[in-house]
Number of protein chains: 2
Amino acid sequence: MSYANEMSARPESADERTLAARLRLAVVRLNRRLRAQRSEDRTVTLTQFSALSTLHKSGPMSPGELAARERVQPPSMTRVISALEESGLLTRSPHPTDGRQTVIEASAAGKAYIAAEVSARERWLDERLAELSEDERTVLRRAADIIDRMAGT
Amino acid sequence: MSYANEMSARPESADERTLAARLRLAVVRLNRRLRAQRSEDRTVTLTQFSALSTLHKSGPMSPGELAARERVQPPSMTRVISALEESGLLTRSPHPTDGRQTVIEASAAGKAYIAAEVSARERWLDERLAELSEDERTVLRRAADIIDRMAGT
DNA sequence: CTCATTTCGTTAGCATAGCTCACGATTCCG
DNA sequence: CGGAATCGTGAGCTATGCTAACGAAATGAG
C-alpha cells in the first residue's frame with residue numbers, strides 16, 4: 001500500500017523561520033484551500049462571491065468603489081461584475097446624475113443566493129474553525145483585523 | 001480634483017461578520033498583495049519561490065513529496081519545477097533505486113538566490129510587520145501556526 | 001460657449017496558478 | 001509472469017490578476 005517515499009528531506013516542523021516567511025506560507029496555503037472549495041457550486045467563484053458579499057453588505061455603489069474595497073484594479077472588477085450580471089445575481093443601472101458611472105447592486109436572486117450559500121461556501125472553513133479552541137479563534141479574529149489593516153495600506 | 005463618488009453604500013467598518021467571512025477576506029486580500037510583490041524580480045514568481053524555499057529548507061526530495069508539502073497537486077508542481085530547472089535554480093537527478101521517481105534539489109545557484117533574495121522578496125511584508133506592535137506580531141505568529149495546521153488537514 | 005483635461009468603465013491582451021484527465025514508464029506483488 | 005499500483009508528466013481548461021489603451025461623459029479655464 002505505502003511505498004517508500006523517504007529521502008533525506010527533513011520532516012516538516014513548527015519551524016524557526018522568520019515571521020514574514022511563516023505568514024506568507026500560511027496565507028498562500030489557506031488561500032489555495034479556500035479557492036478549492038468551489039467544486040459543487042459550478043457557477044460562482046470565490047472572487048465573485050467575495051465581491052457579491054461586499055456589495056450586498058455595503059449597499060449599491062459604483063464598480064470603481066467596489067474594486068477599491070476589494071483591493072483590485074477596476075478592469076479586474078469589470079469581469080467579475082459581468083459574470084455576476086450574466087448569472088442574474090447583480091444588476092447594473094445608470095447613475096442618476098453622472099453618465100459615466102453605473103450603479104451596481106445585488107439583485108433579489110443575488111441576496112437570496114448569499115443567504116442560502118454563505119454557510120455552504122464557508123462550510124469547510126467553519127468546520128476547521130469549530131475544531132479550534134476559543135483562544136485560538138480569538139487569535140485568528142485579531143489576526144484577521146491586523147492582516148486587513150496591513151493589506152489595506 | 002475630487003469627484004462625487006458617494007452612493008448609498010455604507011462605510012467600510014470593522015464589522016460584525018462571522019469569523020470565517022472575516023478570515024477569508026483577510027487571507028484573500030493579503031494573498032493578492034503578496035503576489036503583486038514580484039515587480040522587480042522578473043524571473044521567479046511567488047509560487048516558485050515558495051517551492052524553492054521549502055525544497056532548500058527540507059532538503060532533496062521527490063516532486064510528489066514537494067507537491068504534498070506545498071499542498072498542491074503533482075501536475076501543478078511539475079510546471080513549477082520545470083521553470084526552476086530552466087532558471088538553473090534546481091536540479092533533477094534520477095532516483096538511485098526507483099526508476100519512476102526523480103530527486104530534485106536546490107542547486108548552488110538556487111541556494112545563493114534564496115540567501116540573497118529572501119529579504120528582498122519579503123521586504124514589503126517585512127516593512128508592514130515592522131510597523132506593528134510586538135503584541136500584534138505575536139498574534140500573527142500564533143495565527144500562522146493555527147492557519148497552517150488548518151490548511152494541512 | 002468652447003475645448004483641453006480628467007474621470008469612469010470597459011476592452012484587449014498577457015501572465016500566473018491552480019485543477020482534472022490521460023498516459024507511459026516503472027515497480028510491486030500474487 | 002502479468003495485473004495493479006505509483007510516479008512524473010503532458011494536454012487542456014478555468015480563474016484571477018495586471019497594464020495599456022480607448023470612448024463617453026463631466027469639469028473647468030478662458
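A note on names: the letters A, B, ... follow the listed sequences, proteins ahead of strands, and every chain is numbered from 1.
C/dA17 atom P lies 10 Å from atom CG of B/Asn31, rounded to whole Å. Distance A/Glu85 CD to C/dT10 C1': 13 Å, rounded to the nearest Å. Between the P atom of D/dG8 and the NE2 atom of B/His95 lies a distance of 9 Å, rounded to the nearest Å. As a whole-Å value, the separation of A/Gln73 CD from C/dA15 C1' is 16 Å. Across the protein-nucleic acid pair, B/Leu66 atom CG and C/dG18 atom C1' stand 15 Å apart, rounded to whole Å. The nearest whole Å value for the distance from the CE atom in A/Met61 to the P atom in C/dG9 is 12 Å. Rounded to a whole Å, the CD atom of A/Glu70 is 13 Å from the C1' atom of D/dT16. Rounded to whole Å, atom C1' of D/dG17 lies 14 Å from atom CD of A/Gln48.
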Between the protein and nucleotides 11-13 of chain D, list every N/O to N/O distance that falls short of 3.5 Å.
residue : atom : partner : partner atom : Å
D/dG12  : O6   : B/Arg79 : NH2          : 3.4

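A salt bridge links B/Glu70 with A/Arg32: the distance from a Lys NZ or Arg NE/NH1/NH2 to an Asp or Glu carboxylate oxygen falls below 4.0 Å. The pair B/Asp148-A/Arg22 fails the salt-bridge criterion, with no side-chain N (NZ, NE, NH1 or NH2) lying under 4.0 Å from an Asp/Glu carboxylate O.
A donor-acceptor pair under 3.5 Å is absent between the side-chain atoms of A/Arg92 and the main chain of A/Ile104, judged by distance alone. Judged by distance alone, the side chain of B/Thr54 and the main-chain N or O of B/Ser50 form a donor-acceptor pair under 3.5 Å. Listed for the B/Ser107 side chain is a donor-acceptor partner under 3.5 Å among the backbone atoms of B/Gly88. For B/Arg142 (side chain) and A/Val139 (main-chain N/O), no donor-acceptor pair under 3.5 Å exists by modelled atom type.
Comparing B/Val72 and A/Ile81 along DNA chain C, the residue whose closest nucleotide (by nearest heavy atom) sits nearer the 5' end is A/Ile81. Each of A/Met77 and A/Arg32 lies near DNA chain C, and the nucleotide nearest A/Met77 is the one positioned closer to the 5' end.
Here C/dT10 is the nucleotide among D/dT16, C/dG18, C/dT10 with the atom lying nearest to any side-chain atom of A/Pro74. The side chain of B/Thr45 lies closest to C/dA17 when the candidates are C/dA17, D/dG17, D/dT9.
Among the protein residues, B/Val80 comes within range of no part of the nucleic acid, since none of its heavy atoms lies under 4.0 Å from any strand. Using a 4.0 Å heavy-atom cutoff across all strands shown, A/Thr47 reaches sugar-phosphate atoms only and no base atom.
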Task: salt bridge (Lys or Arg N to Asp or Glu O under 4.0 Å) between A/Arg149 and B/Glu136, worked out - done: CA-CA 11 Å; A/Arg149 206 151 20 89; B/Glu136 290 173 325; 2.9 Å; yes
- [ ] Give the C-alpha distance, both sets of side-chain angles, the deciding distance and a yes or no for side-chain contact (heavy atoms from CB on, under 4.5 Å) between A/Leu90 and A/Glu105.
- [x] CA-CA 6 Å; A/Leu90 169 154; A/Glu105 186 175 6; over 6 Å; no
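Residues from residues 86-94 of chain B lying near DNA chain D, meaning a heavy-atom separation below 4.0 Å, are B/Arg92 in numerical order.
Taking 4.0 angstrom as the limit, A/Ser62 places a side-chain polar atom (N or O) nearer than this to OP1 or OP2 of C/dG9. Contact check, A/Thr78 against C/dT10: a side-chain N or O comes under 4.0 Å of OP1 or OP2.
Of the N and O atoms on the side chains of B/Thr45 and B/Arg35, not one donor lies less than 3.5 Å from an acceptor on the other residue.
More than 12 heavy atoms of other residues, nucleotides or ligands lie within 6.0 Å of CD in A/Glu134, so this atom counts as buried by the packing criterion.
B/Arg100 contributes no side-chain N or O that forms a donor-acceptor pair with the base of C/dT27 under 3.5 Å.
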